[in-house]
Amino acid sequence: MLRLIAIFALLCSLMTAAAAQEATPDPRAETGGAQTLEDILRRQEGLAIDDEFRSSVTGDPDAAAPTSEQLGTRGGASDADLWRAYRYNSADITTQARGPAVTTLIQDRGVWWWQFREGPLLQYGAWLLGGTLISLALFYLLRGRVRIDGERTGRTITRFKAFERFGHWLLATSFIILGITGLISLFGRKVLIPAFGHDAFSTIAEFSKWVHNNISWAFMLALVIIFVMWVVHNLPDRTDIKWLLKGGGLFGGGHPPAKKFNAGQKLIFWSVILLGGSISASGLALLFPFELNMFAATFSKINAIGLPGLLGIETLPTDLAPHEEMQYAQLWHAVVSFVLMAIIFAHIYIGSVGMEGAFDAMGSGEVEEQWAREHHSLWVDEVVAAERKEGSA
């Protein structure tokens, strides 16, 4: 008898649980079938939502309300249905214009892009650049300039030939111009318009855009030049480990031996090549709108290896409208540029006020022999050995 009672109680509990599940309220019941506040907030954050309840209501006559009802329409398509069809890119649109994005009349998944661009991108970008400059200033006050320790010999060694210096300065000059004009475009609305007014900023912005677009080709050409010239000298080797362990001699304790490029310069080189290459790729996508779509394919590969799951985030979107490809390209272009600008700040510091004799390498191309022996002793030995070999030949 007790066994029967237990079985009956178990069945009752299971039926109660099933009934509770069936009675789970529809989250959109209170909105009359429309989207909820949670739907709106997730969409504004760029998160995925199940909006099939809306995207499918685009004028199907079979699903339309009868004309006798309050919301009934003739033909099954109301104005709201038509706008939803535009919004979800399911309307049958014809146009005389030709292009990948001409039939996308509404693209509302850019709210997150606008919010990120106007908020975190500007804020964190300014902090990164400002923080880098402040850190370098403090380092200079605490450490001072790295001086030549030994006695000057009065003799010089050719550090870089004319074409090497040309490639370096072409890259440096174009990057500085691109950085300034890019910052004008990014910060102009918040900084320059309040300072100079709309009319003045319009002229500045138009000129900056023209300069930015055309100087970009010089930057990409210079990237190729310096890569071809110096890649063989920037491959990692054992001397780099010793150099890094001693901090490059910046904190005292003598200068570690190095070849033509030390570990710090190699890090700068590969940062410029990799980050500069990435900036160039996203820049080309912006120069040729809707032609170079990189992010959907990249996100698909990242999802395939399971990286989002390892990081605890949702899978990356792969069904991107042409406009979204441009939005991702613009953000990536700006974020990577901020990082490279901060790195170049440090490079400029070391090559100018931070180290005595360093500027001569890219100024005249000739460096003091004692400076060369202190900072690139292994390279000096190679140069001397080569000169002796030529003299004896």
Side-chain angles (χ1 to χ4, degrees), residues 99 101 110 112-133 136 166-226 271-292 294-295 322-349 352:
W112 70 270
W113 165 79
W114 177 79
Q115 291 178 333
F116 184 84
R117 184 186 185 281
E118 295 299 306
L121 179 62
L122 298 182
Q123 182 179 5
Y124 295 136
W127 286 356
L128 175 62
L129 298 185
T132 301
L133 292 175
L136 292 173
F166 166 77
H168 172 272
W169 286 115
L170 180 64
L171 185 72
T173 305
S174 60
F175 182 75
I176 291 173
I177 295 174
L178 289 171
I180 294 173
T181 54
L183 291 174
I184 288 174
S185 299
L186 193 60
F187 286 91
R189 188 174 294 276
K190 288 184 175 293
V191 178
L192 297 182
I193 288 179
F196 301 105
H198 289 81
D199 293 339
F201 173 71
S202 176
T203 302
I204 295 172
E206 184 177 0
F207 178 73
S208 295
K209 181 180 182 298
W210 184 89
V211 171
H212 195 92
N213 290 348
N214 289 279
I215 292 294
S216 62
W217 302 108
F219 176 76
M220 287 183 275
L221 174 62
L223 270 181
V224 176
I225 291 175
I226 68 164
S271 296
V272 170
I273 294 299
L274 297 178
L275 298 182
S278 183
I279 292 170
S280 299
S282 57
L284 287 171
L286 296 172
L287 284 171
F288 300 97
F290 312 122
E291 297 294 336
L292 303 175
M294 302 176 292
F295 287 90
H323 309 75
E324 289 179 285
E325 285 279 355
M326 296 296 295
Q327 289 162 359
Y328 277 110
Q330 187 273 330
L331 292 183
W332 183 260
H333 192 75
V335 169
V336 180
S337 296
F338 273 126
V339 175
L340 186 55
M341 279 190 281
I343 294 173
I344 295 302
F345 280 171
H347 178 60
I348 293 174
Y349 166 79
S352 56

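- Leu171 is not listed as a side-chain neighbour of Phe166, based on a closest heavy-atom distance of 4.5 Å or more.
- In this structure, Leu128 CG and Leu133 CG are separated by 9.5 Å, a value rounded to the nearest 0.5 Å.
- Heavy atoms of other residues, nucleotides or ligands lying less than 6.0 angstrom from CG of Asp199 number 12 at most.
- Residues Val272 and Ile344 are in side-chain contact: their nearest non-hydrogen atoms beyond the backbone lie under 4.5 Å apart.
- Leu122 approaches Arg117 most closely through the heavy-atom pair CG-O, 3.2 Å.
- Note: Trp127 and Tyr124 have perpendicular aromatic rings, judged against thresholds of 30 and 60 degrees for the angle between ring planes.
- Looking at Phe290 and Glu325, their side chains never come closer than 4.5 Å, going by heavy atoms from C-beta outward.
- Residue His347 qualifies as open at atom NE2: its count of foreign heavy atoms under 6.0 Å is 12 or below.
- Relative ring orientation between Phe187 and Phe338 is described as perpendicular, the plane-to-plane angle rising above 60° on a 0-90° scale split at 30° and 60°.
- Looking only at side-chain heavy atoms (C-beta outward), Ile184 and Lys209 stay at 4.5 Å or farther from each other.
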side-chain contact (heavy atoms from CB on, under 4.5 Å) between Ile180 and Val211, intermediate numbers included: CA-CA 10 Å; Ile180 294 173; Val211 171; over 6 Å; no
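- Side-chain contact between Ile225 and His168 is absent, with no heavy atoms from C-beta onward closer than 4.5 Å.
- Once rounded to the nearest 0.5 Å, the distance linking OG of Ser337 with CG of Leu183 reads 9.0 Å.
- For the atom pair Ile177 CD1 and Phe175 CZ, the distance stands at 12.0 Å (nearest 0.5 Å).
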side-chain contact (heavy atoms from CB on, under 4.5 Å) evaluation trace for Gln327 with Trp114: CA-CA 9 Å; Gln327 289 162 359; Trp114 177 79; over 6 Å; no
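- The two residues Gln115 and Pro120 come nearest to each other via the heavy atoms O-CD, 3.5 Å.
- In this structure the side chain of Trp112 reaches within 4.5 angstrom of the side chain of Leu331, judged on heavy atoms.
- Closest of all the heavy-atom pairs between Ser271 and Leu340 is O-CD1, 4.0 Å.
- For the atom pair CE of Met294 and OH of Tyr328, the computed distance is 13.5 Å after rounding to the nearest 0.5 Å.
- When all heavy atoms of Val336 and Leu275 are compared, the closest pair comes out as CG1-O, 3.7 Å.
- A donor-acceptor contact closer than 3.5 angstrom links the side chains of Trp113 and Gln330.
- In this structure, His212 contributes its side chain and Thr181 its backbone to no donor-acceptor pair below 3.5 Å.
- At least one donor-acceptor pair closer than 3.5 Å links the side chain of Ser208 to the backbone N or O of Ile204.
- Taking 4.5 Å as the limit, every side-chain heavy atom of Phe219 sits out of range of all side-chain heavy atoms of Leu170.
- For the pair Leu292 and Leu286, the minimum side-chain heavy-atom distance is 4.5 Å or more.
- His333 places no side-chain N or O within 3.5 Å of a backbone atom of Ser282 that could act as its donor or acceptor partner.
- Judged purely by atom type and a 3.5 angstrom limit, Thr173 uses its side chain to pair as donor or acceptor with the backbone of Trp169.
- In this structure, Leu221 CG and Ser174 OG are separated by 9.0 Å, a value rounded to the nearest 0.5 Å.
- Separation of atoms CG (Leu178) and OG (Ser280) is listed at 9.0 Å; rounding is to 0.5 Å.
- In this structure, Gln123 places its CD atom where more than 12 heavy-atom neighbours from other residues, nucleotides or ligands lie under 6.0 Å away.
- Pairing each heavy atom of Leu129 with each of Ala342, the nearest pair is CD2-N, 4.0 Å.
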